[in-house]
Amino acid sequence: MRRTRRRRRSHCPRATSKPLSELDAVVSPVAVLTPELYALARRAADRAAGSASDILRLAIPKRMVRAEKAWLAAERDAEASATTPDPAAVDWARAVLAEFPGLDDAVAAGTRIAVDAPPRPARDLPVGAWAELLAAIAIDTLARGRSTLIVVPDQRDQDQVLAVLAARAPEEAVLRDDARRPNPERYAGYLRLLGGPAAIVVGNRSTVYAPARDVGAVLVWDDGDPLLSEPLSPGVHARDAALVRQELEGSALVFAGHTRTTDVERLVQLGWVRDVPAHRRQSPTVVLSATREGESRGQRVPSAAFAAAREALAHGPVLVQVSRPGYSPVLVCAQCRTPARCPHCTGPLRARRQGAAPDCTWCGRTISSWACPHCQSTTLRMASSGSERTADELGRAFPNTRVILADGDHPVVSVDARPALVVATRGAEPHAEGGYHAIILLDGDRMLLAEQLRIGESCLRWWSNAAALAAPGAPVHLVGVAGPVARALATWTQPAYARAELADRAPLHMPPAVRVATVEGTAASVQNAIADLRGALPRLEPTAVLGPVPVEGEGVRALVRFEYAAGKTVADTLRASVVADALRGRRRRGSSGDRFAPRTTLRVRLDVPELDL
C-alpha cells in the first residue's frame, strides 16, 4: 500500500452509504505496507479484539522525505546483493550452537523452540553468554540466506547483542531497530528491509513486525519482562505476535531466557513448542543465606553473605541487588508503625537522605511537619533501605572500597575487574569484566510480598538474571528467602517451577491456564458487552465473569475468563460490542442536533499482562 491523500469532503453521520472520496494525490510511490505485514497485523489485531491500524502505527515509522529520496536513488544506482557472513564467523556460530544438540537443525526446519540460556558471562566480550547464543543463531541463519529478527526488552539487552554482532557479522547486514533512533534513520532502516537482502534486525517489542525479507528465525529474549508487553491498544504481547508470525510465515521461533515463563511452559506441555536442552547442564553456585543462631533476626546481611563479600573483594567486584531505588522509599510512624502518608494527597512519604525532611512520592511536596493521624506522634522511622542507603551502609562496613551505585537515576552499563561493591536495583545490574566474584541478593522477602499473580515468576527472573552475571564458581547468596522460588533458584530448575505454577493455577482458572479479558466502561456499556458475550457463548460458566466492580472515576470493570478454544468468539463479540457502544453514543449526540462527534466509553483488552490480587 502506498501513502495517499484524499480530498476533503463533508461527511454526514446519516449518509452511511456514500462512496469514498477520490484520491487527491499519491504522496509516495513506495509501498510501505506489504501484504505479509498487513496479514500479520490483521491476525494479531483480531486475536486481541483490536484494530489493525493501531498495530500498523507501531510497525510503520513516520515518512521522512529526504531518507526516502536517498533510498530511491540508491535503489536505481545499485542492485541489492545478498550479504553473507565470514566463514570464520559461521564456524564460530556453529561451535556455539553445538552446546545445544539439534538446535541448528530445529531452527533450519522452522521449529518453535524453548531454550534455557547458559547462565554465565561471555569469555571475550563484556556481555552475557545468552547474547552470543542469539547472535550465533542469527549468523547461522544469515549464512543460509535468510533474515533474523531478535526481539529484546530494552536498550541494555539490545547493546549486548549488537556488540557480539559487531565483532562477528557483516556490518551492512545488521540493523538496529528502536524508537530512540532519529526518525530519518529509522525510516531509512525500514525502507532497507522492504526490498533489501537478508538482514539481522535487533530491536524492542515492535521489531516483531519488521518487514524483513524471507525471515528464517524470530528470537525473543526474556519474554517474561513486562517491557515486551505493548501498553498501547490493542496491547498485543511480543510473544503472541511472534507466535502469530511464525504460524503465518513458517519461520523458526526461539524463546530464550534464564527462566521459563508459565506462558511458554504451557506451550511446551502442549507440544506446540519444543524444549531443546543444553548438552551439559550449567548452573551458578547459589547459597540460601539465613541468619544464624545469635544473630539479630532483622539483620539485613547475614554473616555468611558478609564473609563471602569480604573474601570476594580481595579479588574483584561484588554485586549487591536491592529491591528499590532511593534512600528510604518507605517511612512509618516511629511509635505505632503506621505507614506515613502525605497530608495533602495521601501519597506515601520517603526520605531522600539521612536527616532530610521527607517528601511525597506522588505530589512531590516537602513535609516539614508531620503528625501521625492515629497516635499523634511526630517522629518518623525508616522502614526500608533503598539503593542509596544500602550503598551508604556498605561503604561504612567496607572502608577503602569503591562503591558503585547503579539504578534508574544512576545508570551504569559495565564495571571493570577491580574490587568494588556494586549496589544495583533489580534489572539495572551492570556487567563486570570476567563476572562478579560474589553476588548478594537482598530484600527477596519484600519482593515476594507484592500482591501480584506472577510475583513468584518475576522474582525468579530477577534473581536468575543477576545470578547469571557471576563468574564461574562464584557464590550467589539469596538472603532471607525459602520455599519453592528459592529452591528453584538454588537447584536452577526454573522450568520445573513454571510447571508447578501451571498446575496450581489450572484448578483456579487463572492465566495462563485460561485467557482473561478486561471490559471497562460505564455500567450500562459493560453490562451490554457481558450480555452479548453470554449470548455468543451459551456454555460460559457463571463464575467466568468476575465483577463488575467500580474503578477510578465513574466507570466499572469486569474480568472475563475463557478457554483458548473460545478466543476467536470472545474477541469478535467484544469488538462488536465496542463498535455498538460507539454507535449508541453517536445516535445520542446526533439526536440533539449537535455536530457529529463519536464517543466510545467501552474499553476492552485481552490477555492482561498482570492481574493485581
Side-chain angles (χ1 to χ4, degrees), residues 119 121 128 156 284-291 295-296 298-330 353-354 382 384-448 459-471 473-481 486 489-490:
R156 296 161 57 90
T285 304
V286 180
V287 181
L288 302 182
S289 293
T291 53
E295 295 179 349
S296 172
Q299 186 170 341
R300 195 169 181 222
V301 183
S303 58
F306 192 89
R310 182 173 52 197
E311 180 181 353
L313 281 172
H315 308 285
V318 173
L319 173 65
V320 180
Q321 185 197 70
V322 297
S323 62
R324 303 181 68 176
Y327 193 84
S328 182
V330 178
R353 60 184 182 275
Q354 182 70 32
M382 296 182 182
S384 66
S385 296
S387 56
E388 295 180 15
R389 185 180 178 188
T390 303
D392 188 21
E393 293 172 347
L394 291 178
R396 292 195 297 267
F398 294 94
N400 302 320
T401 301
R402 282 195 309 159
V403 179
I404 300 174
L405 180 62
D407 55 25
D409 294 330
H410 310 86
V412 180
V413 177
S414 61
V415 297
D416 54 36
R418 293 180 297 162
L421 271 172
V422 181
V423 180
T425 52
R426 56 198 180 193
E429 304 90 351
H431 285 268
E433 182 180 345
Y436 289 98
H437 289 252
I439 294 178
I440 301 175
L441 307 175
L442 299 179
D443 304 334
D445 51 346
R446 292 186 178 179
M447 295 183 191
L448 287 170
C459 288
L460 185 57
R461 185 177 62 83
W462 295 327
W463 301 334
S464 299
N465 289 345
L469 300 174
V476 179
H477 286 258
L478 178 61
V479 176
V481 180
L489 181 70

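Just so it is clear, the model here is predicted, and its values are computed rather than measured.
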Trainee: Could you list the residues that satisfy side chain to side chain contact (heavy atoms under 4.5 Å, CB included) with Ala305, not counting sequence neighbours?
Mentor: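 For Ala305, the residues satisfying side chain to side chain contact (heavy atoms under 4.5 Å, CB included) (neighbours in sequence not counted) are Ser289, Val301, Pro302, Ile440, His477, Val479.
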Trainee: Given Val318, which of Leu421, Ile439, Val423, Val422 fulfils the side-chain contact (heavy atoms from CB on, under 4.5 Å) condition?
Mentor: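 Answer after filtering Leu421, Ile439, Val423, Val422: Leu421.
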Trainee: Do the non-hydrogen side-chain atoms of Arg324 and Arg446 ever get within less than 4.5 Å of each other?
Mentor: no
Trainee: What pairs with Asp407 under salt bridge (Lys or Arg N to Asp or Glu O under 4.0 Å), at least two apart in sequence or on another chain?
Mentor: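 Counting only residues at least two positions away or on another chain, Asp407 forms no salt bridge (Lys or Arg N to Asp or Glu O under 4.0 Å).
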Trainee: Can you check whether Ser464 reaches Leu489 side chain to side chain, under 4.5 Å on heavy atoms?
Mentor: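 They are in contact (side-chain heavy atoms under 4.5 Å apart), so the answer is yes.
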Trainee: Apply salt bridge (Lys or Arg N to Asp or Glu O under 4.0 Å) to Asp445 and list each qualifying residue two or more places apart in sequence or on a separate chain.
Mentor: none
Trainee: For Glu388, give me all partners under side-chain hydrogen bond (donor to acceptor under 3.5 Å, both in side chains), at least two apart in sequence or on another chain.
Mentor: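 Result, side-chain hydrogen bond (donor to acceptor under 3.5 Å, both in side chains) vs Glu388: none returned.
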Trainee: To the nearest 0.5 Å, tell me how far His431 NE2 sits from Leu469 CG.
Mentor: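 Those atoms lie 5.5 Å apart.
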Trainee: If you look at every heavy atom in Ala397 and Phe306, which pair is closest and at what distance?
Mentor: CB-CE1, 4.0 Å
Trainee: Suppose we screen for salt bridge (Lys or Arg N to Asp or Glu O under 4.0 Å). Which residues come up paired with Glu393, at least two apart in sequence or across chains?
Mentor: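 Listed in chain order: Arg389.
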Trainee: Just so I know, are the side chains of Pro317 and His437 near enough to count as touching, which here means a heavy-atom distance under 4.5 Å?
Mentor: yes
Trainee: Report the residues that fulfil salt bridge (Lys or Arg N to Asp or Glu O under 4.0 Å) with Arg402, sequence neighbours left out, ordered by chain and then residue number.
Mentor: Asp416
Trainee: I'd like to check Leu441 versus Trp462 (side-chain heavy atoms, cut-off strictly below 4.5 Å). Are they in contact?
Mentor: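 No. Closest side-chain heavy atoms not under 4.5 Å.
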Trainee: Please give me the minimum heavy-atom distance between Trp463 and Gln321, naming the atom from each residue.
Mentor: CD1-OE1, 3.3 Å
